Amino acid sequence: VQLQASGGGLAQSGGSLRLSCRGSGFNLGYYDIAWFRQAPGKEREGVACISSADGSTYYADSVKGRFTISRDPVNAVYLQMDRLKPEDTAVYYCATDFQLRRLSYCSGPWPDAGDSWGQGTQVTVSS
C-alpha cells in the first residue's frame with residue numbers, strides 16, 4: 001500500500017506543471033487525497049484536497065485560482081499548477097488517511113498525525 005507522487009521539475013515563473021499521484025496496492029478512488037508541500041526550512045503546507053465522495057475540492061489560499069486538483073477513475077489524482085511562482089518551490093507529496101479516522105479528511109489539516117504519504121516530487125520555480 002503506497003502513494004507515489006511524480007511530475008515535478010523545473011519551471012519558470014508564470015509557467016505550469018502537472019503532478020500525478022498514484023496508488024499501488026489499493027484503490028485510490030476510495031480515499032480523499034490531499035497534496036501538501038514542504039520547502040527547505042519551512043513547515044509543511046497543505047495545498048489542496050479532493051473528496052472521494054463527491055469530488056469536492058479544497059485549496060489553500062496561497063494557491064487558490066492557480067492550482068487545480070482532479071482525479072480520474074483509473075487510480076490517479078492530479079495537481080495542475082499554473083501561474084507558478086518562485087515561492088511554490090518545494091517538495092510536493094500526496095497523502096491520505098488509510099484508517100479513515102476523520103469524518104471529512106478534506107476539512108484538514110493536511111497532513112495530520114497518522115496520515116500516510118510516499119516519496120515526494122521536487123518542484124522548482126525560477127524567477
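Remember, predicted model here, so these are calculated numbers, not experimental data.
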When you compare the side chain of [Y] with that of [X], does any pair of heavy atoms fall below 4.5 Å?
X: Thr89; Y: Gln122; result: yes
X: Tyr78; Y: Ser70; result: yes
X: Thr96; Y: Phe98; result: yes
X: Met81; Y: Asp88; result: no
X: Tyr105; Y: Leu100; result: no
X: Leu28; Y: Cys21; result: yes
X: Pro111; Y: Arg44; result: yes
X: Asp115; Y: Arg102; result: yes

Can you tell me how far [atom2] of [Y] sits from [atom1] of [X], rounded to the nearest 0.5 angstrom?
X: Ser20; Y: Asp72; atom1: OG; atom2: CG; result: 8.5 Å
X: Cys49; Y: Ile33; atom1: SG; atom2: CD1; result: 8.0 Å
X: Cys106; Y: Asp54; atom1: SG; atom2: CG; result: 9.0 Å
X: Tyr30; Y: Asn75; atom1: OH; atom2: CG; result: 10.0 Å
X: Ser104; Y: Tyr58; atom1: OG; atom2: OH; result: 5.0 Å
X: Tyr92; Y: Leu79; atom1: OH; atom2: CG; result: 7.5 Å

Minimum heavy-atom distance between [X] and [Y], given as atom pair plus value:
X: Gln38; Y: Lys42; result: NE2-O, 3.2 Å
X: Arg37; Y: Ser62; result: NH2-OG, 3.6 Å
X: Arg66; Y: Arg83; result: NH1-O, 2.9 Å
X: Thr68; Y: Tyr59; result: CA-OH, 3.3 Å

A quick test of your reading: do over 12 heavy atoms of other residues, nucleotides or ligands sit less than 6.0 Å from CD of Glu87?
yes
Determine whether a donor-acceptor pair (N or O, by modelled atom type, separation under 3.5 Å) exists between the side chain of Arg22 and the backbone of Ser6.
no
For Thr121 and Gly8, indicate whether the former's side chain and the latter's backbone hold a donor-acceptor pair under 3.5 Å.
yes
With sequence neighbours left out, the residues meeting side-chain hydrogen bond (donor to acceptor under 3.5 Å, both in side chains) with Tyr93 are none
Using a strict cut-off of less than 4.0 Å between a Lys/Arg side-chain nitrogen and an Asp/Glu carboxylate oxygen, indicate whether Asp32 and Arg71 qualify as a salt bridge.
no
Salt-bridge contact Asp61-Lys64 (side-chain N to carboxylate O under 4.0 Å)
yes
Can you check whether Trp117 and Phe36 have ring centres sitting under 6.0 Å from each other?
yes
Please lay out, stage by stage, how Trp110 and Asp97 fare under the test side chain to side chain contact (heavy atoms under 4.5 Å, CB included).
CA-CA 10 Å; Trp110 330 304; Asp97 174 14; over 6 Å; no
Only distances under 3.5 Å count here; give the side-chain donor-acceptor pairs of residues 9-18 to other protein atoms, sequence neighbours excluded, each with its distance to 0.1 Å.
residue	atom	partner	partner atom	Å
Ser16	OG	Asp82	OD1	2.7

